[in-house]
Amino acid sequence: MSEITITLPDGSQKQVPAGAKPIEIARSISARLADDAVVARVNGGLFDLTRPLEESASLEILTSKNPEALEVYRHSTAHLCAAAVLELFPGTQLGIGPPTEAGFYYDFQREAPFTPEDLEKIEAKMWEIQARDLPYERVMTQKDEGLRKYSDAWMKCGLIAEKADEYFSEYTLGPHFIDFCRGPHVPSTKRIKAFKLLMVSGAYWKANEKGARLQRITGTAFFSKKELDEYLHQVEEAKKRDHRKLGRELDLISIQELAGPGLIFWHPKGGIIRKQLEDWMREEYLKRGYSLVYTPHVGRWQLWETSGHANFYADNMFDRMELDDAEYQLKPMNCPFHILIYKDKLRSYRELPVRLGELGTVYRYERSGTLHGLLRVRGFTQDDAHIFCRPDQIEDEIVNCLQFAVDVLTTFGFDKYEAELSTWDGGASGKYDGEPEQWQLAEKALRNACERLNVAAKVMTDEAAFYGPKIDVKLVDAIGRKWQLSTVQFDFTLPRRFGLEYIADDGKAHQPVMCHRALFGSVERFFGILLEHYAGAFPVWLAPVQVAVLPIADRHLDYARSVAAALERAGLRVEVDDNKEKVNNKIRIAQVNKVPYMLVVGDREAENGTVSVRNRRHGDQGSKPLDEAVALIRGLAESRKPFE
RNA sequence: GCUGGCGUAGCUCAGUAGGUAGAGCAUCUGAUUUGUAAUCAGACGGUCGGGGGUUCGAUUCCCUCCGCCAGCUCCA
């Protein structure tokens with residue numbers, strides 16, 4: 001028997017017989033490693049622990065501490081789920097069953113929908129199969145033979161025809177279950193210790209909404225019961241900070257059925273927070289060389305034909321309305337209006353870049369099933385700006401925009417975000433407007449900007465806007481979903497469509513280039529994400545009520561009001577709780593409403609001109625002279641610092 | 001828009017195997033005047049999402065529309 005050389009991660013080498021399995025090598029290193037092993041990395045690729053090594057290779061044993069091992073483990077759990085479904089519901093068609101960030105899913109096609117009770121049965125069956133300790137066995141099959149074997153399984157057949165090499169791998173689980181699958185998998189079902197099926201929902205075959213409708217069973221799996229329980233607990237906790245729940249509880253916003261879905265009502269307390277956000281943003285605009293403009297909410301249809309939205313954006317627009325002899329369109333975007341301001345006079349190269357900014361409210365038709373609280377609505381206000389500049393200025397402008405976007409995120413304490421660079425499809429589909437050279441140039445400028453600011457942007461092919469490529473910044477909500485906030489978009493197209501010009505130093509007319517950018521993205525969405533980010537406990541500068549003054553008894557009301565007056569003179573938002581309740585109750589109310597500071601006033605305070613300071617997070621801070629308390633809270637508000 | 005689920009008081013929820021509903025909180029009133037997360041009592045409050053059908057009778061069963069939730073698709 002020939003020997004092969006196995007190189008371990010520490011550089012050491014082992015001679016083993018050809019055909020040795022990674023699990024055997026692991027055991028030869030230590031029994032514990034073999035027990036903890038989930039999957040092997042062989043020459044960089046993932047391998048089953050039980051797959052024989054035929055040639056010399058590098059080998060790394062991945063244990064439960066490795067994220068890739070968790071993916072494999074979840075993938076194996078998905079197979080277990082499919083095997084359970086087939087045992088309980090023979091004839092069900094299998095789609096795909098990959099691991100995801102938070103678990104796994106498996107797509108099935110079957111006439112009757114899976115009910116919550118079915119889910120319980122499936123989970124019980126999974127445990128039953130788990131207990132059988134079935135190996136995940138890798139079998140190689142020849143393509144034509146495979147197509148015959150899977151002739152009853154139309155989705156698998158499709159996948160094999162499309163993806164399989166001449167010989168492809170399958171994995172069995174017991175005598176009856178076999179699945180076309182690249183693998184790898186854990187060695188056997190007894191390795192799967194903790195999982196839970198979470199829901200059943202709809203999906204489309206190959207994510208195509210014209211394709212077959214499937215039922216998706218989603219679950220999660222962890223290496224231990226403890227980790228699973230922690231995860232489930234964390235999900236429950238996250239739900240408590242859902243912006244829809246907090247928005248109602250804190251009386252910030254509402255959505256009114258009578259007015260229509262996806263349309264936001266800002267209540268007084270939400271309104272004051274929004275004003276703080278908007279004031280801050282407008283100040284930043286002015287500091288950074290933007291001008292503020294205001295434009296109408298509707299415009300003639302011809303405007304949208306000129307801009308191209310009539311062609312490229314028709315599906316997302318509210319219906320046109322007729323007025324006199326003309327048709328008008330509610331605006332889904334602000335850009336054409338800002339362009340008209342640019343175009344209203346002859347521009348010199350000396351005044352470029354022109355940066356026109358607006359908190360512009362737009363209306364877009366979003367399909368009913370996609371609406372989601374504040375995060376996906378039909379009417380929203382963008383902190384939108386359009387920058388018109390010379391080609392040689394565009395890269396600096398994009399760098400400034402991106403820097404601005406990063407500054408917004410840090411101001412509000414977001415340290416986790418993802419950047420994406422969306423590019424076109426190369427022009428194949430015709431959904432994109434403009435010349436190839438322009439697209440290439442634009443993409444290059446965006447890439448360079450990312451590099452200059454050290455922003456790691458993931459390239460997303462075929463995700464660009466119809467008028468140009470873009471950089472997007474995404475944040476994650478309480479339930480782990482990603483939402484786009486900032487966007488910096490390049491545009492060669494609209495300047496051409498509108499015939500924009502500036503007079504250059506050569507005395508001739510040239511076409512400016514344009515950058516669209518929104519940093520909050522939409523005020524509604526940003527507010528929703530912010531609400532979840534702070535779990536409703538806003539920092540002092542944003543809190544709708546910054547201070548609650550809590551008199552102990554009625555005889556302290558006058559003093560309480562004088563305290564409130566002093567706070568108001570300092571520009572703070574104050575409420576006096578004059579209910580006939582005990583202080584304990586007043587404190588509770590203020591805590592529940594997440595008021596940052598409570599000032600308790602009773603006999604001692606009224607006598608000494610002091611207040612007893614209570615901090616929302618840290619509780620009783622003892623008494624302080626009134627001036628001192630006012631200065632403290634005002635300082636926090638003005639600094640726009642995070643709370644505490 | 002699609003698949004599935006859901007819709008009972010302002011909020012959170014219970015209930016009716018078909019005989020027009022109940023709790024806690026909130027609100028209002030009264031008593032209590034209280035020192036760092038809920039004082040007590042009483043009252044008010046619902047065409048049980050809208051419309052249609054079956055039935056002697058529908059909040060309950062059926063149909064339909066609207067809205068919400070999860071996922072898909074799409075996107076700020």
Side-chain angles (χ1 to χ4, degrees), chain A residues 105 107 109 112-116 119 198-218 239 242 244-245 248-249 251 254-258 260-262 313 315-316 332-333 362 364-384 463 465 470 472-475 479 481-487 489 516 518-526 528-529 550-557 580-593 598-605 612-616 619-623:
Chain A
Y105 65 81
D107 285 344
Q109 191 189 35
F114 292 116
T115 64
L119 226 51
L198 299 170
M199 63 188 162
V200 52
S201 62
Y204 299 100
W205 176 236
K206 296 193 175 172
N208 173 4
E209 64 178 314
K210 294 196 176 63
R213 277 180 277 281
L214 309 176
Q215 295 182 57
R216 172 167 301 178
I217 292 179
T218 304
K239 281 183 189 163
D242 188 308
R244 292 164 299 183
K245 185 176 155 70
R248 185 176 50 241
E249 285 174 356
D251 194 16
S254 65
I255 295 168
Q256 301 289 333
E257 190 174 336
L258 185 58
Y313 210 68
D315 290 349
N316 282 293
M333 292 189 186
V362 297
R364 297 183 185 174
Y365 173 74
E366 299 291 351
R367 301 206 283 180
S368 60
T370 65
L371 299 174
H372 183 85
L374 287 165
L375 302 188
R376 188 77 184 280
V377 295
R378 285 183 174 157
F380 57 98
T381 301
Q382 295 181 304
D383 61 315
D384 204 2
E463 295 287 336
K470 56 181 183 169
D472 293 328
V473 176
K474 301 194 175 188
L475 270 82
I479 319 175
R481 288 176 293 208
K482 280 178 206 159
W483 297 92
Q484 179 175 324
L485 299 180
S486 308
T487 184
Q489 311 186 342
H516 307 239
L519 305 181
F520 286 153
S522 93
V523 177
E524 285 76 5
R525 178 176 287 180
F526 189 80
I529 292 284
L550 312 180
I552 285 174
D554 287 354
R555 65 177 178 281
H556 309 122
L557 256 177
K580 293 162 75 177
E581 291 285 350
K582 288 171 68 172
V583 170
N584 281 321
N585 188 50
K586 294 181 182 181
I587 287 170
R588 180 169 181 276
I589 301 297
Q591 286 285 153
V592 166
N593 286 316
M598 287 149 260
L599 302 182
V600 177
V601 295
D603 290 330
R604 293 200 294 271
E605 288 75 15
S612 175
V613 178
R614 183 186 166 96
N615 173 301
R616 171 177 75 199
D620 193 352
Q621 305 289 292
S623 78

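Values reported hereafter were calculated over all heavy atoms of this structure, with side chains retained and with hydrogens, waters and symmetry mates removed. Residue numbering restarts at 1 for every chain, and letters A, B, ... go by the order of the sequence lines.
Rounded to whole angstrom, the span from the CG atom of L198(A) across to the C1' atom of rA70(B) amounts to 11 Å. In this structure, OH of Y313(A) is placed 6 Å from P of rA76(B), rounded to the nearest angstrom. One interatomic measurement links the two molecules: CE of M333(A) to P of rA76(B), which rounds to 7 Å at whole-angstrom precision. For the pair N584(A) CG and rA38(B) P, the computed distance is 5 Å after rounding to whole Å. Across the protein-nucleic acid pair, K482(A) atom NZ and rA76(B) atom C1' stand 16 Å apart, rounded to whole Å. Distance CE (M598(A)) to P (rA38(B)): 13 Å, rounded to an integer number of Å. Between the CD atom of E366(A) and the P atom of rU73(B) there is a distance of 15 Å, rounded to whole Å. With rounding to whole Å, E249(A) atom CD is found 11 Å from rC13(B) atom P.
A518(A) comes within 4.0 angstrom of nothing in the nucleic acid, heavy atoms only. G602(A) comes within 4.0 angstrom of a nucleotide base, judged by non-hydrogen atoms across all strands. R376(A) comes within contact range of at least one nucleobase, with a heavy-atom separation under 4.0 Å. Here R525(A) lies in heavy-atom contact (under 4.0 Å) with a base. L485(A) comes within contact range of the sugar-phosphate backbone alone, with a heavy-atom separation under 4.0 Å but no base atom that close. Within 4.0 Å (heavy atoms only), D554(A) reaches at least one base atom of the nucleic acid. Among the protein residues, V377(A) comes within range of the nucleic acid bases, having at least one heavy atom under 4.0 Å from a base atom. Nucleic acid contact for Q591(A): base, since at least one base atom lies under 4.0 Å from a heavy atom of the residue. Among the heavy atoms of the strands lying under 4.0 Å from D603(A) is at least one base atom, whether or not backbone atoms are also near. Looking at heavy-atom distances under 4.0 Å, K580(A) makes contact with a base. Base engagement by V600(A) is indicated by at least one non-hydrogen atom pair under 4.0 Å involving a base atom.
In terms of modelled atom types and a separation under 3.5 Å, the side chain of Q215(A) and the main chain of F114(A) share a donor-acceptor contact. The backbone N or O of L375(A) lies less than 3.5 Å from a partner atom in the side chain of R525(A), making a donor-acceptor pair. Using modelled atom types, one side-chain atom of R364(A) and one backbone atom of P332(A) make a donor-acceptor pair closer than 3.5 Å.
Between rA76(B), rU33(B), rG35(B), one nucleotide has an atom nearer to the side chain of R604(A) than all others, and that is rG35(B). Taking only side-chain atoms of Q484(A), from C-beta outward, the nucleotide of rA76(B), rG4(B), rG1(B) with the closest atom is rA76(B). Between rU33(B), rU39(B), rG71(B), one nucleotide has an atom nearer to the side chain of A553(A) than all others, and that is rU33(B). Considering only side-chain atoms of M199(A), the nucleotide from rU39(B), rG1(B), rA70(B) that sits closest is rA70(B). Nearest nucleotide to the side chain of N585(A), out of rU39(B), rC75(B), rU33(B): rU39(B). Here the side chain of T370(A) is nearest to one of rU39(B), rG67(B), rC74(B), namely rC74(B).
Take the nearest nucleotide of RNA chain B for S201(A) and for R555(A): the residue whose nucleotide is more 5' is R555(A). Residue whose closest nucleotide on RNA chain B sits further toward the 5' end, between L375(A) and D620(A): D620(A).
For the pair H372(A) and rC68(B), the criterion of a side-chain N or O lying under 4.0 Å from OP1 or OP2 is not met. For R244(A) and rC69(B), the shortest distance from a side-chain N or O to OP1 or OP2 is below 4.0 Å. R481(A) has a side-chain polar atom (N or O) that falls below the 4.0 Å cut-off from OP1 or OP2 of rA70(B). Side-chain nitrogen and oxygen atoms of R248(A) include at least one within less than 4.0 Å of the OP1 or OP2 phosphate oxygen of rU12(B). Between rA76(B) and K470(A), a contact under 4.0 Å exists linking OP1 or OP2 to a side-chain N or O.
Remark: the separation of the C1' atoms in rU16(B) and rG46(B) is 15 Å, to the nearest Å. Comparing rC68(B) with rA31(B), their C1' atoms are spaced 43 Å from each other, to the whole Å. When the C1' atom is compared between rU8(B) and rA76(B), the two are found 36 Å apart, to the nearest whole Å. Nucleotides rU59(B) and rC13(B) place their C1' atoms 16 Å apart, quoted to the nearest Å. rU55(B) sits 32 Å from rG67(B) when the P atoms are compared, rounded to a whole Å. Rounded to a whole angstrom, the distance from the P atom of rA26(B) to that of rC11(B) is 15 Å. rU12(B) and rG7(B): their P atoms are spaced 13 Å apart (whole Å). Nucleotides rG15(B) and rG24(B) place their C1' atoms 15 Å apart, quoted to the nearest Å.
Taking a pair to require two hydrogen-bonding distances under 3.5 Å in either a Watson-Crick or a G-U wobble arrangement, rC40(B) pairs with rG30(B). rA58(B): no Watson-Crick or G-U partner with both key distances under 3.5 Å is found in any strand. Look at rC2(B): its Watson-Crick or wobble partner, with both distances under 3.5 angstrom, is rG71(B). Pairing for rC25(B) is with rG10(B), a Watson-Crick or G-U wobble pair whose two hydrogen-bonding atom distances lie under 3.5 Å.
A donor and an acceptor atom sit less than 3.5 Å apart, one in the side chain of E605(A) and one in the base of rG35(B). Interface remark: the R367(A) side chain does form a donor-acceptor pair with the rU73(B) base, using a distance-only criterion of under 3.5 Å. A donor-acceptor contact under 3.5 Å is formed by the side chain of Y204(A) with the base of rG1(B).
Evaluation of F380(A) against the base of rA76(B) yields a stacking contact (centre distance < 5.5 Å, interplanar angle < 30°).
Distance check: K586(A) NZ to M598(A) CE gives 13.5 Å after rounding to the nearest 0.5 Å. Here the CG-CD distance, from N593(A) to Q591(A), works out to 10.0 Å after rounding to the nearest 0.5 Å. Of the inter-residue distances, the one linking T370(A) atom OG1 with R378(A) atom CZ reads 7.0 Å to the nearest 0.5 angstrom. A distance of 4.0 Å separates CZ of R244(A) from NE2 of H372(A), quoted to the nearest 0.5 Å.
For the side chain to side chain contact (heavy atoms under 4.5 Å, CB included) with L550(A), the qualifying choice from I587(A), L599(A), V601(A), I589(A) is I587(A), the only one to do so.
With respect to the salt-bridge test (charged N to carboxylate O, under 4.0 angstrom), the residues K474(A) and D472(A) do not qualify.
By the 4.5 Å heavy-atom criterion applied to side chains, R588(A) and N584(A) are not counted as neighbours.
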